[in-house]
Every structure is written in structure tokens, then in C-alpha cells.
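The next block holds one structure in the form of C-alpha cells; read it before the comments.
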Amino acid sequence: MKTSVGTSTGAVGGTLPGAATGTATGAVRGPVPGAPSGGPAGTGAAEAVPAGPPHTSRPAPAEIVDSPRIVALAASVAGGRDAAVREFWAEAATQGTPLVEPIPWDPEHRAVTFLWRGTDRTRRVLLLVNRLVDRAHLAGSLMRRIHGTDVWHLTYRLPSDHRGSYVIAPDTGAEGGRARTGDVSAAMPEVPVSSPAVSAVSAVSAAPELSSAPGSEPADDFQARLLPLLAAARPDPLNPHVMPSRWRGEGGSVFELSDAPPQPWRPWAAGPDESAARGTVERHRLTSAALAARRDVWTYVPPGPLPDGGADTLVLLDGDMWFGRLGVQGLFDRLIADGVLPPLVVLAPDAVDNATRAREFGGWQAYANFLAAELLPWAAARLPVTFDPSRTVVAGESLGGLTALYAGFVAPRRFGNVLAQSPALWWRPEGRAR
């Protein structure tokens with residue numbers, strides 16, 4: 001991979017036709033030609049921002065049900081069949097996890113069982129399924145254990161077209177992200193009698209052997225004891241489908257049910273086609289006046305001839321994730337080769353780290369200036385990008401999605417299209433009411 005260093009101080013190599021006009025002040029060291037002007041969030045630097053979304057409870061907990069396979073296993077164990085657990089884990093290793101079972105009276109949903117194989121040190125296990133876990137009530141995501149075994153489990157009722165990701169956090173009583181040994185006397189939360197989890201199997205498996213009685217500890221104290229487990233979260237070792245994470249090394253497991261929309265380009269669908277043409281990926285470094293800092297930018301140029309007037313252009317935020325961790329260039333190669341996307345040039349600025357991302361992303365004029373008045377002109381001087389805003393897209397997800405929305409709003413003559421995936425609409429400038 002090639003790395004180059006460049007400097008961007010405004011409209012390098014001339015101004016793009018149709019550029020937004022105005023002068024950016026605030027964090028910018030002097031005027032930036034072609035900067036977008038105005039905007040609801042003001043023009044100051046992003047000095048203090050909320051650290052993350054408000055942790056409000058889910059409107060309703062994810063529905064927990066019983067797994068027929070787990071019920072059968074618990075019955076076998078209770079009946080003294082010693083080989084049942086060994087056979088169960090061999091089956092899980094062969095088939096992979098999570099276990100997916102039909103619900104005969106509900107054909108549009110499945111019983112999806114997540115598993116963890118504990119040890120004699122495992123005190124509890126926290127399951128963190130994206131969009132199902134209630135981070136304001138982590139106790140609702142604790143796995144159950146079949147009494148006298150190493151089988152920890154939790155089963156959700158999910159739509160048959162569900163696709164998602166998850167990690168698992170075991171508590172072994174060790175230091176460094178897990179609850180301390182002295183904390184294990186804390187009771188499991190009391191399961192309401194009306195909960196679907198209360199059944200023959202969960203009645204014997206929901207609570208591990210702990211010295212305190214259920215409900216003996218205030219909910220807020222128990223939540224505080226569970227929070228350190230988040231640092232111990234890791235992929236499911238029985239699920240081979242793992243997506244890299246951004247700043248946490250091990251990544252997360254991915255699962256999909258039978259009716260999930262097809263994604264033939266997903267990473268594990270097929271190996272790379274060695275004969276297919278590949279685009280060129282380079283990593284550059286810009287000096288940004290708008291951000292008063294240097295920023296790495298990943299660029300992707302598709303293979304083959306490009307149309308007159310330049311290729312369609314995608315400004316993809318969080319380049320360090322897409323190119324640095326996920327290797328998204330293979331995805332672009334596939335989609336362009338299959339005719340799903342036209343040939344396009346991708347500009348993907350690096351977000352540096354979580355603190356920098358939280359400080360710069362959102363509705364801040366300085367970052368919009370960087371994208372519209374520095375990054376695009378820099379690219380126009382070096383790459384076959386289009387001048388047409390109707391063929392230029394700015395895209396991001398979460399806080400990056402909100403940043404893309406803001407950039408499209410304040411610089412419509414640069415960005416004629418916005419792709420905002422799950423934008424962080426909770427974000428507000430510091431000091432403004434939510």
C-alpha cells in the first residue's frame with residue numbers, strides 16, 4: 001500500500017465548479033476558500049461534546065423464550081445422562097452458533113440460542129447482541145446456566161429475516177475488565193414471574209450458585225457491577241463469522257437467519273476472485289487548516305477506464321475502519337464488477353481515534369469545511385473525480401451519518417447526495433437541550 005504526504009490549505013489546484021461559497025472562521029487558521037457558510041451548529045470548534053448517546057432503556061425488552069434443544073438437554077442432564085453435554089458441545093461445534101430453531105406456531109420468527117462454554121471459574125456471562133441489549137439494564141442480557149454443567153445460554157425470539165452482530169462477556173472473577181472476585185456474591189437479578197424465561201428449564205438454570213438470594217441487591221448497584229464486563233467482551237468462539245472491530249482488537253460475531261436479505265458480496269460468501277480486476281488503494285496525509293491538524297485519507301480508484309468528466313465520487317467517513325480494518329476495497333471491486341455500482345472514486349478520511357471522532361464529528365462547521373473546501377479540492381488536483389455534485393456522495397454511519405447529513409445540508413453544491421446509516425440524531429452541541 002502506498003503512503004503519500006500532501007498539504008491542503010483551501011482550494012488546492014483550483015476551485016471545483018459549483019463550489020459552495022463563503023468564508024469559514026472559528027477553528028480555521030485564516031479563510032478557507034470555497035468553504036460552506038452558515039449552519040445551525042455555528043462555526044466554532046468542537047471543543048466539548050457529549051461523550052455518547054443517552055443511555056435510555058429500551059421501550060420493551062427483547063423477548064426471551066425457551067429453546068427446545070436446551071429444554072431437552074436440561075432434561076437429559078437431570079435424568080443422569082452424563083454424555084448429553086459432551087454430545088451437545090460436539091453438535092454445536094459442528095453446526096456453529098447461535099443455534100436456530102423453528103417456532104411451530106410462529107413461522108415468521110425463530111428461537112435463536114446463544115451459547116457460552118463456561119469453566120469452573122465462570123460466575124456469570126453477559127450477552128451483548130446489537131440492538132437487543134439494553135445497556136441501561138444489563139441484567140436482562142445475562143445468560144442462564146444449566147445446573148451442574150458448563151452450558152450457558154440465552155434464547156431470543158427474532159424475526160426470520162434478522163441479521164445482526166454480538167459479543168459475549170464472561171465473568172471469571174479476574175482482574176482487568178471482569179468483575180473482581182469479591183463481587184461474585186452479588187445476586188443474579190430476580191426474573192419476573194410473568195417473564196417467558198420462567199419455565200421448567202430456566203427455573204433451575206437462571207441463577208448460578210451464588211451466596212446471595214435473588215433480589216438482595218439494588219438494581220443500580222448490580223448494574224454497576226456488570227459494567228466492567230463490557231471490557232471483557234469478545235467474539236463467540238463457535239461462530240466462524242467475525243467482523244473486525246474498530247479500536248477493540250477481537251471484533252464481533254455476525255449471524256443471520258434464513259430469510260435475511262441476500263448479500264452475495266458479504267466477506268464469507270466466497271473467496272476473492274484472483275482473476276478479477278482490482279482497484280488501487282493508497283493512503284495519503286493532508287494538513288488541514290480547518291481542523292488545525294494532519295489527517296490520513298484513504299483513496300480508492302477503480303480498475304479500468306473511467307468516464308469522461310471523472311468518476312462518481314464517494315466521500316466515506318471513518319476511513320480507518322472501512323479500509324484499515326474491513327478491507328472494503330474488495331467490496332467495491334465486486335460491486336463494480338457486477339454492475340451494482342458504477343465506477344467510483346472513494347475518499348475516506350481517517351477518524352484518528354474515538355476521542356478525536358467524538359470531538360470533530362456531528363454538526364460542526366470545521367469538519368464540513370475540511371470535507372467540502374479542502375478534501376474535495378485536494379482530490380480534484382490528483383484523482384479523476386467528478387465536479388458534479390449530483391454524482392458526489394458523502395456517507396457515514398452513526399455519528400458519521402449525522403456528520404454526512406450536516407455536510408450535505410451546509411454544502412449542497414459540493415454534496416448532492418447523502419447516505420446516512422443509523423445517524424446519531426441524539427447528538428446536540430454542548431449546552432443545548434436534547
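For reference, positions follow the sequence shown, starting with 1.
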>> Looking at every heavy atom in both Ile146 and Ile70, which two are closest together, and how far apart are they?
In response: CD1-CG2, 4.0 Å
> Considering residues, nucleotides and ligands other than Asp338, do more than 12 of their heavy atoms fall under 6.0 Å from its CG?
Replying inline: yes
>> Once side-chain hydrogen bond (donor to acceptor under 3.5 Å, both in side chains) is applied, do any residues pair with Ser160, and if so which ones, sequence neighbours excluded?
In response: Asp259
Between [Y] and [X], is there a side-chain heavy-atom distance shorter than 4.5 Å?
X	Y	value
Tyr300	Leu314	no
Val315	Leu375	yes
Phe114	Thr97	no
Leu291	Glu360	yes

Distance-only side-chain donor-acceptor flag, [X] / [Y], under 3.5 Å:
X	Y	result
Asn130	Tyr166	no
Thr113	Thr155	yes
Arg144	His153	no

>> Out of the candidates Val346, Leu344, Ile336, only one should pair with Pro302 under the side-chain contact (heavy atoms from CB on, under 4.5 Å) rule; please name it.
In response: Ile336
> Taking it one step at a time, do Thr299 and Val345 satisfy side-chain contact (heavy atoms from CB on, under 4.5 Å)?
Replying inline: CA-CA 7 Å; Thr299 62; Val345 171; 5.7 Å; no
>> For Asp171, run the side-chain hydrogen bond (donor to acceptor under 3.5 Å, both in side chains) check against Arg225, Arg123, Arg124 and tell me which one passes.
In response: Arg124
> Hey, mind stepping through Leu371 and Leu347 against side-chain contact (heavy atoms from CB on, under 4.5 Å) and telling me if it holds?
Replying inline: CA-CA 10 Å; Leu371 297 177; Leu347 313 173; over 6 Å; no
> Under 30°, 30 to 60°, or over 60°: which ring-plane class applies to Trp298 and Phe323, parallel, tilted or perpendicular?
Replying inline: parallel
>> Could you walk me through whether Leu128 and Leu230 satisfy the side-chain contact (heavy atoms from CB on, under 4.5 Å) test, starting with their C-alpha distance in whole Å, then the side-chain angles of each, then the deciding distance to 0.1 Å, before giving a yes or no?
In response: CA-CA 9 Å; Leu128 304 168; Leu230 300 180; 3.6 Å; yes
